[in-house]
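Notes for the one structure printed next.
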Amino acid sequence: MAVLVSLLAFLMTLAGGLTAMRVRDHRHLVLGLAGGLMLGVVAFDLLPESLELTRHRPFGVPAPMIGFAAGFVLLHVVEQAVAIHRAHEEEYAPHEHVHGSGSGGLLAALALVLHSLVDGLSIGFGFQTGTETGVFVALAVVTHDFADGFNTFTAASLYRRDRRPAVLLLLADAAAPVAGAAIGTLATVPDAVLGPYLGVFAGVLLYLAAAEILPEAHSVHPRVMTLAATGLGLFAVLLSVGLAS
């Protein structure tokens, strides 16, 4: 089941890469919706589910909430150190980190592939806790894979006339969640570990939504429509969780 659902992440990543090749309009609405969906999954599903899986309280704080803070800070540190996602000086363009060379862009694209592999692991682990959580984790992954595909192709093609390496890395980025989901399905993880892990993943998603996806969505285009798309995504998850309860 996890592997089948992860195929949606494969398709969404390819869609993001194809968009980077061809068009640049209306992505703000897609990204605004994705940000709302991700926030909804974090607040309404991942955190409540992680808290139910384990009652361990180091230092008097629920273990999943420590993981949540750690995941947020971890991605921030990785971003600053490795430049996986760069601040947007122009719409959807990666920061020109290495002048005159495409090596920096290729390293950023490879880091995004690794990030997508971890996303796939999260899908597999999510389905271990239950079908509902697995579906919502997959939803969170799918919604930001559009931006991942876009950024992977853009970074890998930076300063390069030959687009073949960028296409290959885009394909690798698209396939990584499927591989991760397969590994996550085969590996057995106890609830005491799954709870904090889902907390970490929730922190990572919150950072992606708040620090990357939503600022990118609001960078240039009219904010009312983008904000409406974000609210729609948030409400859609809330409604879905309510109906599933």
Taking C-beta and beyond as the side chain, do [X] and [Y] meet within less than 4.5 Å on heavy atoms?
X: V137; Y: F125; answer: no
X: D45; Y: E132; answer: yes
X: F68; Y: L47; answer: yes
X: L234; Y: L37; answer: no
X: M65; Y: L51; answer: yes
X: V237; Y: F136; answer: yes
X: V193; Y: P190; answer: yes

Which heavy atom of [X] sits nearest a heavy atom of [Y], and at what distance?
X: T54; Y: P196; result: CG2-CD, 3.9 Å
X: P177; Y: A9; result: CB-CB, 3.9 Å
X: G199; Y: S50; result: N-CB, 4.0 Å
X: P64; Y: G195; result: CB-O, 3.7 Å

F10/L14 under side-chain contact (heavy atoms from CB on, under 4.5 Å): CA gap, chis, key distance, verdict: CA-CA 6 Å; F10 175 87; L14 289 182; 3.5 Å; yes
Check whether L121 and L186 end up in the same hydrophobic cluster, where Ile, Leu, Val, Met, Phe, Trp and Tyr are linked by side-chain heavy atoms less than 4.5 Å apart. no
Determine, using the 4.5 Å side-chain heavy-atom cutoff (strictly less than), whether L168 and L18 are members of one ILVMFWY cluster. no
Run L198 and T133 through side-chain contact (heavy atoms from CB on, under 4.5 Å) and show every step you take. CA-CA 10 Å; L198 290 180; T133 298; 4.2 Å; yes
List the steps, then state whether side chain to side chain donor-acceptor pair (under 3.5 Å) holds for T13 with D173. CA-CA 7 Å; T13 303; D173 190 41; 4.7 Å; no
State whether the side chain of [X] and the backbone N or O of [Y] hold a donor-acceptor pair below 3.5 Å, judged by distance alone.
X: Q128; Y: I123; value: no
X: T230; Y: G32; value: yes
X: T131; Y: F127; value: no

Enter the distance from [X]:[atom1] to [Y]:[atom2] here, rounded to the nearest 0.5 Å.
X: M38; Y: L46; atom1: CE; atom2: CG; value: 10.5 Å
X: L208; Y: L214; atom1: CG; atom2: CG; value: 10.5 Å
X: Y197; Y: L53; atom1: OH; atom2: CG; value: 13.5 Å
X: L205; Y: S122; atom1: CG; atom2: OG; value: 7.5 Å

Take L206 and L39 through the test side-chain contact (heavy atoms from CB on, under 4.5 Å) and record every step on the way to the result. CA-CA 6 Å; L206 181 63; L39 288 174; 3.5 Å; yes
For the pair M12 and V141, evaluate side-chain contact (heavy atoms from CB on, under 4.5 Å) and give the outcome as yes or no after the intermediate values. CA-CA 10 Å; M12 188 61 76; V141 170; over 6 Å; no
